[in-house]
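Notes follow the structure.
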There are 2 protein chains.
Amino acid sequence: MTDAAPRPTLEAVAARAGVSRATASRVVNGGDGVREPLVERVRRAVEELGYVPNQAARSLVTRRHDAVAVVIAEPETRVFADPFFALQLRGISKELTAHDNQLVLLLTEGRDDHARVGRYLAGGHVDGALVFSLHLDDPLPGLIRRAGVPTVFGGRPDWSDDDAGSDGDGDDRLRVRAAEGEGVNGAGRIGGREGGGRPSDLGGVMYVDSDNRDGARTAVRHLVGLGRTRVAHITGPLDQTSAADRLDGFRDVRVDVDPRLIEESDFTPAGGERAMRELLDRRPDLNAVFAANDLSAAGALRVLRERGLRVPEDVAVIGFDDMLPVADQTDPPLTTVRQDIEEMGRLMARLLLSRLDQRAAPTTATAAADKDAPTGVVLPTTLVRRASA
Amino acid sequence: MTDAAPRPTLEAVAARAGVSRATASRVVNGGDGVREPLVERVRRAVEELGYVPNQAARSLVTRRHDAVAVVIAEPETRVFADPFFALQLRGISKELTAHDNQLVLLLTEGRDDHARVGRYLAGGHVDGALVFSLHLDDPLPGLIRRAGVPTVFGGRPDWSDDDAGSDGDGDDRLRVRAAEGEGVNGAGRIGGREGGGRPSDLGGVMYVDSDNRDGARTAVRHLVGLGRTRVAHITGPLDQTSAADRLDGFRDVRVDVDPRLIEESDFTPAGGERAMRELLDRRPDLNAVFAANDLSAAGALRVLRERGLRVPEDVAVIGFDDMLPVADQTDPPLTTVRQDIEEMGRLMARLLLSRLDQRAAPTTATAAADKDAPTGVVLPTTLVRRASA
DNA sequence: CTGAAAGCGCTAACAT
DNA sequence: ATGTTAGCGCTTTCAG
């Protein structure tokens with residue numbers, strides 16, 4: 001059995017170019033401070049030998065990996081029922097690639113995996129992490145913060161007040177409130193206090209989110225603008241911040257709404273059907289529905305048709321997401337609130353990378369900038385008008 | 001600014017346990033040939049120090065990374081319009097995780113990225129690769145084979161097809177049933193004839209695919225069994241093997257079909273609409289349609305309704321994929337051919353991993369087994385009956 | 001069965 | 001501006 005072809009080392013390149021390893025290394029890493037003729041010779045040697053740096057050897061000394069983990073918690077299978085994560089991933093990938101970083105994907109499936117992910121992150125195999133955690137009770141965010149890895153969350157994490165007595169173990173809970181009450185398009189405020197915990201944890205918790213609340217307001221205002229006075233709302237699972245925020249937005253516009261016009265659901269088509277029936281039974285006179293996502297809106301549409309109600313004539317319907325194989329396939333096509341999911345992903349990566357850069361070169365200037373760095377970034381949404389409202 | 005927390009090294013563990021680094025290393029890597037009392041002491045030291053091995057240092061000497069790349073070529077945006085890859089990824093992730101391997105995700109977006117991916121793969125950063133390449137003219141497969149990295153393809157790559165007589169239950173195409181839990185060994189016969197390969201290329205090209213052809217046959221037979229005599233077919237893009245195979249399956253059952261009953265399309269709903277119109281114009285008397293995927297079937301359904309044709313009374317419709325937010329949401333719900341996508345992913349990973357193991361320990365036994373290793377594994381499909389046929 | 005020693009390929013001081 | 005010299009943390013012969 002022939003041995004695998006031995007890949008050329010820096011040593012070989014240096015020899016061929018007639019320089020020292022150090023010089024060869026300098027050229028490979030940008031070539032600053034090396035005279036042109038030498039640069040040229042080394043470049044050629046690299047070319048001829050087909051040299052590729054050994055990342056393991058490099059990481060061993062630099063302690064950088066040029067790799068970031070993407071952690072997707074998948075408590076329910078629902079996660080993959082829609083292209084949501086695929087799009088985020090794509091945005092993330094583009095940005096990471098542009099900066100020569102690798103994407104290590106970590107999919108978690110329940111409690112057992114959490115330990116594994118925590119270990120991996122704490123193991124220093126990656127420079128940072130991008131984390132998607134959907135539910136309130138998810139232990140992942142906590143675990144990850146304890147791992148002391150620079151992290152950006154996708155979607156506003158909600159670790160509001162589940163843990164008192166924060167003194168002691170450096171367990172500093174950061175409280176992040178986005179646009180509570182009045183804060184218009186709350187580009188999340190920060191409550192960053194750094195406990196005496198991990199010295200490696202420089203800044204506050206960072207996240208990127210869509211402006212769910214404002215999107216919801218826009219949708220409901222549109223309905224109201226259509227002259228609809230009895231607007232119902234099918235919510236998502238309220239232990240997810242996105243669903244909670246959309247409900248808040250709904251309430252912002254319909255301040256004293258009849259509670260019977262609000263029904264909690266679960267972001268699924270079946271859940272949407274159930275909720276729609278409930279709503280119809282309680283308030284047969286409703287003339288508009290704002291569903292917290294497109295999937296439940298699709299379910300609602302079916303029930304409406306089944307009951308002989310015309311959309312939008314009798315009942316106007318608006319969804320959320322602009323999930324594409326769905327929103328444009330319903331009958332009638334769904335008016336909905338679009339969020340730029342790919343851009344969210346891209347932004348998450350950008351945020352993390354810039355943070356990593358700061359860490360690499362902590363000048364006084366960037367150190368100051370760090371303190372003022374945005375902790376939450378909230379992207380705008382837009383209303384996409386189709387036929388349902 | 002405090003320095004980053006220094007993570008404990010093997011040295012530290014050894015010191016604390018009162019042994020040499022070598023012994024500590026042995027314990028960390030399974031502890032074979034180390035006496036129980038020492039094992040215990042080292043284990044405790046690891047625990048107390050919270051030691052985690054430095055993967056970079058390890059890779060530097062072992063030349064293993066315990067990481068595999070997943071390459072997804074995304075020539076058109078279509079790829080992410082459905083949960084197909086998400087499901088595969090999930091299967092892959094599960095299997096990889098179970099074997100302590102990391103998943104490095106490489107998304108490509110056009111020509112420029114190919115070079116990058118080729119370089120990365122050739123750079124020896126990962127132990128192997130799982131590759132999804134959709135189109136005939138994709139240069140990726142070639143690139144990758146040249147990189148000399150053990151690879152398993154998702155979906156039959158076109159160039160493994162050295163077109164022998166491709167009729168019937170082709171003897172060139174091997175059908176394999178992968179029994180759940182039986183591992184790779186249970187799965188498969190070989191279709192391998194590899195031309196003189198690279199020295200580093202040990203075996204044949206490996207891939208995992210659904211039995212598209214048989215699935216198509218099943219679908220069409222079902223239609224025929226319903227008494228439909230004028231069955232049309234909306235194909236996918238015929239430069240993808242999956243679409244070509246489904247067309248072959250269709251033809252297997254409708255041998256002398258009127259060519260006007262076949263219309264090439266592109267796997268999209270809009271394409272499905274267009275194709276359906278065309279078909280209806282040419283053969284207004286058709287009474288069944290087999291669409292090459294659920295998305296185009298959904299488009300077809302809309303056109304049928306628009307023309308006042310009842311489904312399934314006037315025209316029976318069958319799709320392919322059982323893509324879930326789609327197939328069960330159409331009106332009427334779609335009868336379709338399901339492929340177990342997650343299992344495909346899992347199988348791909350299993351295949352690659354077992355190959356990597358062989359390479360790591362090339363005894364005469366495994367070397368012999370290598371020659372007989374399955375080259376293509378084809379998973380069965382099942383018909384899911386809903387209301388449309 | 002255990003320890004000592006020799007690197008894996010690379011970068012980063014430190015010299016020159 | 002370039003070369004010299006130490007390691008980074010780990011596995012792995014090779015002695016004992």
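Letters A, B, ... mirror the listed sequences (proteins, then strands); counts begin at 1.
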Subject >> Where protein sits on nucleotides 6-12 of chain C, one letter per nucleotide: B base, S sugar-phosphate only, - none, heavy atoms under 4.0 Å >> reply: B-BBBBB
Subject >> B:Asn101 side-chain N/O to B:His99 backbone N/O, donor-acceptor pair under 3.5 Å >> reply: yes
**OP:** Measure from the ring center of B:Phe153 to the ring center of B:Phe132 and say whether it is less than 6.0 Å.
**Re:** no
Original post:
Are any of the side-chain nitrogens in A:Asp32 or A:Arg26 under 4.0 Å away from the carboxylate oxygens of its partner?
Top reply: no
Subject >> Phosphate contact (D:dG3 OP1 or OP2) by A:Thr23 side-chain N/O below 4.0 Å >> reply: yes
Original post:
Is it true that B:Arg355 and B:Asp357 have a side-chain N and a carboxylate O under 4.0 angstrom from each other?
Top reply: no
Subject >> Within 6.0 Å of CD in B:Glu47, more than 12 heavy atoms from elsewhere >> reply: no
